Amino acid sequence: MRPSERADAQVNGSLALAKSLGRSPRDVAAMVLAEIDLSEMCSATEVAGPGFINLTFADGFLAAELAAATSDARLGVRAAPVPLTVVVDYSAPNVAKEMHVGHLRSTVIGDAIVRMSSFVGHRVVRENHIGDWGTPFGMLIEHLVDLGEDAAARELSVGDLDAFYRQARVKFDADDAFKDRARHRVVMLQGGDAETLRLWRLLVAESTRYFDRVYSVLGVLLTGDDLRGESAYNDLLPEVVRRLDDAGLLQTDDGAEVVFVDGYVNRDNEPLPLIIRKGDGGYNYAASDLACVIDRLERLGADVMLYVVGAPQAQHLGMVRDVAAKAGWLVAPARMEHVAFGSVLGEDRKMLKSRAGSAVKLDALLAEAIERALAAVREKNPELPAELAAVVARQVGIGAVKYADLSTDRIKDYVFDWDRMLAFEGNTGPYLQYQHARICSIFRRAGVARDRYRGHAPSPAEPEERALLLALLQFDTAVHDALERHSPHRLCTYLYDLAAAFSAFYERCPVLRAADESVRDSRLALCDATARVLECGLGLLGIESPEQM
RNA sequence: GCCCCCGUAGCUCAGUUGGAUAGAGCGUCGGACUUCUAAUCCGCAGGUCGCAGGUUCGACUCCUGCCGGGGGCGCCA
């Protein structure tokens with residue numbers, strides 16, 4: 001069943017069915033209609049075109065459905081038939097490095113998937129796989145030692161992590177003695193030297209404090225409890241090697257321990273292995289990713305593992321998944337999926353960079369979003385008290401950035417454009433928020449409590465009322481559709497259509513000046529339902545819905 | 001060289017897994033404000049769905065081959 005332009009819904013299964021039954025599609029459609037009693041649900045049914053069944057729902061049926069939906073905290077969205085344990089791997093910034101636009105998509109898309117999954121009743125485990133281990137930490141720790149702990153902590157707490165990293169890098173490249181110390185420090189770190197670990201923890205602590213600040217501004221659910229960096233899998237790495245060896249998958253190639261996987265070749269068309277352990281004995285990220293898979297399956301009992309990671313990682317994640325399956329760890333129905341996304345581009349259609357050519361810092365970008373939103377709010381609603389304007393500016397600015405990221409198909413690159421994302425018209429965050437605020441304004445003016453209309457069955461008379469009612473009842477489908485494909489943009493498209501349906505209704509159907517009280521109540525019920533679906537839907541995307549703006 | 005992703009209106013994007021006449025927003029042009037927030041709404045114009053084949057009742061959608069853009073292809077993560 002799908003929406004139709006010629007009726008409320010169209011059923012086209014009879015076309016496919018006709019072939020196997022050896023009858024004409026129109027006959028099959030007629031048989032179906034004869035067999036099912038739709039008199040309660042539909043006011044009209046017809047066989048149309050090559051064999052479509054067009055359905056027109058009875059107004060009473062639609063009204064009752066809406067009354068049921070608005071009596072429900074989930075607004076008619078069905079719970080998942082089988083609650084699953086869903087592990088979502090997202091955000092993943094690096095310790096001692098600043099978050100930049102590259103982390104925006106993973107964080108925002110992952111957050112939306114987490115919220116939607118929880119909403120329908122899955123057990124969701126958030127995992128922030130931060131880069132907190134590996135060779136760079138040798139030089140970072142030595143640089144920290146050079147600066148002195150207090151000075152280093154001060155510098156890091158300011159948030160200028162990039163400068164700290166750069167200084168370490170410069171010394172590493174220029175100073176052989178420093179380079180030796182850094183390498184020695186890596187060995188001590190991996191060997192579990194207590195003093196080295198203490199210094200390492202200092203770096204991690206300062207960085208995660210900074211991550212928390214960014215997450216707080218951004219308004220995502222990630223907290224310190226969700227941190228599960230590469231270091232967390234350190235002890236499991238020898239186990240990974242042992243298990244792969246036991247399974248007979250491990251081979252030695254050019255001094256490295258590797259697993260060959262079918263279907264992957266290198267430049268010279270030779271089989272391409274996944275390197276588990278480097279020639280120098282060190283483990284690389286394939287090893288920790290495999291440990292991670294084991295951990296998620298065996299410790300967390302994951303049914304679904306989602307990796308919200310950029311599209312360029314497709315091959316690597318594919319290899320990890322294939323090895324995990326080949327080794328017998330990843331067994332259906334458990335599954336591992338790469339929720340891939342494209343890049344954020346600048347106006348020049350290249351990867352978004354700052355004027356200086358470096359990555360755009362995420363905190364600076366968010367600050368600019370809020371600043372721009374504040375200017376827009378002040379201009380368009382000067383009456384709003386300054387304190388409230390500041391709050392609204394944050395909600396609108398952050399909402400605009402998130403919505404711009406979420407509203408297009410995630411696999412595609414998208415062009416970052418301030419003017420477009422902050423526009424109050426079109427498929428934007430501010431537009432949806434505006435429609436919500438408009439509804440709240442009606443209730444403020446009416447002086448009635450919103451919850452009075454929960455469970456109230458509207459009586460649609462005008463086409464705009466009916467269209468809005470139909471749109472409201474599609475929330476359930478929209479949420480499940482977005483969730484199944486891990487595509488938040490599907491929910492965005494729905495919310496935009498709903499907002500547009502509301503706009504048309506608002507234009508044509510006076511609410512407070514309605515002819516009589518029953519029409520007014522019916523319309524207020526539609527208003528409340530719309531505001532709730534908008535707020536709930538935006539909430540699933542991690543976007544707030546101000547009551548005034 | 002091999003593999004992956006993308007290509008839809010001037011611009012930015014949707015298109016409900018193969019259904020009827022491909023839709024929005026912006027921009028252009030023309031309308032609607034003594035406002036339930038015009039931060040909006042209505043209308044006009046705009047298309048060889050990158051190209052060429054194939055599959056079938058039917059293809060933007062699936063298959064093959066090209067063209068163009070981006071990315072990946074063993075000891076960084």
Side-chain angles (χ1 to χ4, degrees), chain A residues 1-6 10 12 15-16 18-19 24-25 48-52 54 92 94 131 133-136 230 253-258 263-280 282-286 288-289 310-316 318 340 342-343 345 349-351 376-377 379-381 383 407-409 411-415 417 419-420 423-428 430-431 433-435 437-446 474 477-478 481 485 489-490 492-494 496-497 500 503-504 506-514 523 527 548-549:
Chain A
M1 190 156 73
R2 44 180 289 144
S4 165
E5 286 168 19
R6 309 188 176 203
Q10 174 196 95
N12 51 40
L15 287 103
K19 200 169 291 177
S24 88
F52 303 118
N54 286 344
N94 291 306
W133 204 248
T135 43
E230 290 161 12
D253 196 67
D254 281 342
E257 296 187 80
V258 307
Y264 299 92
V265 292
N266 67 11
R267 274 174 227 281
D268 304 316
N269 230 7
E270 296 156 348
L272 179 71
L274 186 65
I275 294 177
I276 310 298
R277 199 172 191 188
K278 299 182 286 184
D280 66 4
Y283 297 96
N284 72 355
Y285 77 136
S288 78
D289 282 348
Q313 294 290 326
Q315 178 175 287
H316 169 72
S343 309
L345 306 179
R349 298 312 214 95
K350 306 266 187 200
M351 297 266 283
V377 168
E379 183 199 325
K380 291 177 171 161
N381 192 353
E383 266 111 81
S407 60
T408 63
D409 192 358
I411 196 64
K412 295 182 183 178
D413 296 346
Y414 81 94
V415 178
D417 181 336
D419 292 336
R420 193 150 28 81
F424 290 81
E425 60 263 332
N427 190 10
T428 69
Y431 174 80
Q433 289 171 323
Y434 171 63
Q435 299 305 336
R438 254 178 158 186
I439 299 172
C440 293
S441 170
I442 293 175
F443 280 94
R444 266 197 307 278
R445 203 168 279 260
Q474 283 157 23
T477 308
D481 187 38
R485 301 170 190 229
H489 89 277
R490 295 231 165 215
C492 294
T493 303
Y494 164 75
Y496 176 62
D497 288 342
S503 270
Y506 182 88
E507 208 69 26
R508 279 289 308 277
C509 307
V511 177
L512 300 179
R513 294 184 311 238
R523 290 179 179 171
C527 285
Q548 300 180 56
M549 57 187 284

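Keep in mind the model is a prediction, meaning the values are calculated, not measured. So that the names make sense, note that chain A is the first sequence line, chain B the second, and so on, each numbered from 1.
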Which dot-bracket notation, 5' to 3', represents the base pairing of RNA chain B when pairs are defined as Watson-Crick or G-U with both distances under 3.5 Å, crossing pairs as [ ], and inter-strand pairs as |? (((((((..((((.....[...))))..((((.......))))......(((((..]....))))))))))))....
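- Considering only side-chain atoms of A:Tyr285, the nucleotide from B:U40, B:A77, B:C6 that sits closest is B:A77.
- Residue contacts for A:Tyr431: at a heavy-atom cut-off of 4.0 Å it reaches the sugar-phosphate backbone alone, with no base atom in range.
- Among the atoms of the strands shown, none is found under 4.0 Å from any heavy atom of A:Gly131.
- The phosphate of B:G70 (OP1 or OP2) has no side-chain N or O of A:Lys412 nearer than 4.0 angstrom.
- Note on A:Cys509: a base of the nucleic acid sits closer than 4.0 angstrom, heavy atoms only.
- Judged by distance alone with a 3.5 Å cut-off, a donor-acceptor contact links the side chain of A:Gln10 to the base of B:A20.
- A:Pro430 comes within 4.0 angstrom of nothing in the nucleic acid, heavy atoms only.
- Regarding contacts with the backbone of B:U16, every side-chain N or O of A:Arg485 stays at 4.0 angstrom or more from both OP1 and OP2.
- Comparing the C1' positions of B:C33 and B:U28 gives a spacing of 23 Å, expressed to the nearest Å.
- Between A:Thr408 and the phosphate of B:C13, there is no side-chain N or O to OP1/OP2 separation shorter than 4.0 Å.
- Look at the P atom in both B:C11 and B:G53: the space between them is 26 Å, to the nearest Å.
- Contact annotation: side chain of A:Asp497 to base of B:A14, donor-acceptor pair absent below 3.5 Å.
- One donor-acceptor pair, N or O on each side, does fall under 3.5 Å between the base of B:G74 and the side chain of A:Asp253.
- Residue contacts for A:Val415: at a heavy-atom cut-off of 4.0 Å it reaches the sugar-phosphate backbone alone, with no base atom in range.
- With its glycosidic angle within 90° of 0, B:U17 is assigned syn.
- For a distance-only test at 3.5 Å, the side chain of A:Tyr434 fails to qualify as a donor-acceptor partner of the base of B:A39.
- Residue A:Asp254 is in base contact, counting any heavy-atom pair closer than 4.0 Å across all strands shown.
- Among the atoms of the strands shown, base atoms are found under 4.0 Å from some heavy atom of A:Arg267.
- A:Gln313 comes within 4.0 angstrom of a base, heavy atoms only.
- In this structure, A:Ile442 reaches the bases: a heavy-atom distance under 4.0 Å links it to at least one base atom across the strands shown.
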